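Only one structure is covered here, and it is reproduced in the block below.
Heavy-atom basis, side chains included; hydrogens, waters and symmetry copies ignored. Computed from a predicted model, the values in this text were never measured in an experiment. Chain letters run A, B, ... following the sequence lines, proteins first and then strands; every chain starts at 1.
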Protein chains: 2
Amino acid sequence: MSKYRNDIELFATQFKALSNPHRLAMFRRLASCCPPGTICSTEEAVRYSVGQLGADIDISISTLSHHLKELNRAGLVQMARKGKRVECWVAPQTIVQLASFFDALSAQPNIQGEIHE
Amino acid sequence: MSKYRNDIELFATQFKALSNPHRLAMFRRLASCCPPGTICSTEEAVRYSVGQLGADIDISISTLSHHLKELNRAGLVQMARKGKRVECWVAPQTIVQLASFFDALSAQPNIQGEIHE
DNA sequence: TCTATATTTCGACATGTATCGAATAGTAGA
DNA sequence: TCTACTATTCGATACATGTCGAAATATAGA
């Protein structure tokens, strides 16, 4: 019951982080394997510096940094400094958890009792 | 590629609609089957009046109406007057489409590797 | 240590959002 | 038609967000 409410709060926070087109684009790039124009291979991918993430997004670097902070706050993206740069990657389990929110709804189209109190 | 950008805008709009805990709770209820205190059967459910949707959410009816309008604007929820009440239901395909956003991401192998140059 | 590069923080501003209660509007029934 | 019920719209208010450029911070290398 309280778990239900916390769930909602958590997912709402994550959806909020994804509600800005710029942030969503950054997240999707991070969540996908290969950067545009690159051939995907298993050794590559999944970590970007802040600047790289905003490569084809037309906003200032400070705004970019702000958005990354939001994604990080929501627990979707993790960050760590590596030399001059700050590496970013999608937090493990994030995508699966988000997918599960909708999968749980569509999996049981007409039978679900969890709301009852 | 242009489709890619439009995609992002569309999904961002939808995530925005789901970014408020109250709206998310309303959406989830609508996406699930039974109203509280009701026995679930196939003929019932899936449609709620505005008031029913906010039954256990502690906000004013005008705020509730506002949130429903947002969900409707984002294309997640459809509404139609039926007598004194306004019925609400989840727009067809909505859940599947939202799920597909994350499924498409998680389908890719998620191996963490080098930073892109 | 000085410099170039990468990123964050700060201050400012315009715009958007959540919320309420009151007023308004649509509908069903007495 | 009058009334009760349901929902929307309106006006107001407080707060949050996206954005920028400038200043500050962190790091690597000359």
Distance check needed: [N] [atom2] versus [X] [atom1], whole Å only.
| X | N | atom1 | atom2 | result |
| --- | --- | --- | --- | --- |
| A:Q52 | C:dA6 | CD | P | 10 Å |
| A:K16 | C:dG16 | NZ | P | 16 Å |
| B:Y48 | D:dA7 | OH | C1' | 18 Å |
| B:I61 | C:dA22 | CD1 | C1' | 15 Å |
| B:L24 | C:dT17 | CG | C1' | 17 Å |
| B:R85 | C:dA28 | CZ | C1' | 12 Å |
| A:I59 | D:dG21 | CD1 | P | 12 Å |
| A:L18 | D:dT17 | CG | P | 14 Å |

Item to complete: Could you list by number each residue of residues 63-83 of chain B showing a heavy-atom separation from DNA chain D of less than 4.0 Å, or answer none if no residue does?
Response: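 Heavy-atom contacts with DNA chain D come from B:S65, B:K69, B:M79.
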Discussion item. I'd like to know if B:S60 reaches the base of C:dG21 with its side chain such that a donor and an acceptor end up less than 3.5 angstrom apart.
Written reply: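 Not at all, since no donor on one side and acceptor on the other fall under 3.5 Å apart.
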Discussion item. So which atom in B:L30 and which in B:C88 form the shortest heavy-atom distance, rounded to 0.1 Å?
Written reply: CD1-O, 3.5 Å
Check the phosphate of [N] against [X], side-chain N and O only, distance under 4.0 Å to OP1 or OP2. Yes or no?
| X | N | result |
| --- | --- | --- |
| A:N20 | D:dG18 | yes |
| A:S49 | C:dT7 | yes |
| B:K84 | C:dG29 | no |

Item to complete: Would you mind telling me which of C:dT9, C:dT19, C:dT8 lies closest to the side-chain atoms of A:V86?
Response: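 Given the options C:dT9, C:dT19, C:dT8, the side chain of A:V86 is closest to C:dT8.
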Item to complete: Tell me, please, which residues at least two apart from B:R81 pass salt bridge (Lys or Arg N to Asp or Glu O under 4.0 Å).
Response: none
Measuring from atom [atom1] of [X] to atom [atom2] of [Y], what distance do you get when rounded to the nearest 0.5 angstrom?
| X | Y | atom1 | atom2 | value |
| --- | --- | --- | --- | --- |
| A:Q14 | A:L71 | CD | CG | 10.5 Å |
| B:S65 | B:I59 | OG | CD1 | 10.0 Å |
| B:L68 | B:R73 | CG | CZ | 12.0 Å |

Discussion item. Could you check whether B:F27 and A:F102 have their ring centres less than 6.0 Å apart?
Written reply: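 No, they do not, as the ring centres are separated by 6.0 Å or more.
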Fill in: Exam field: side chain B:Q52 to backbone B:S49, donor-acceptor pair closer than 3.5 Å
yes
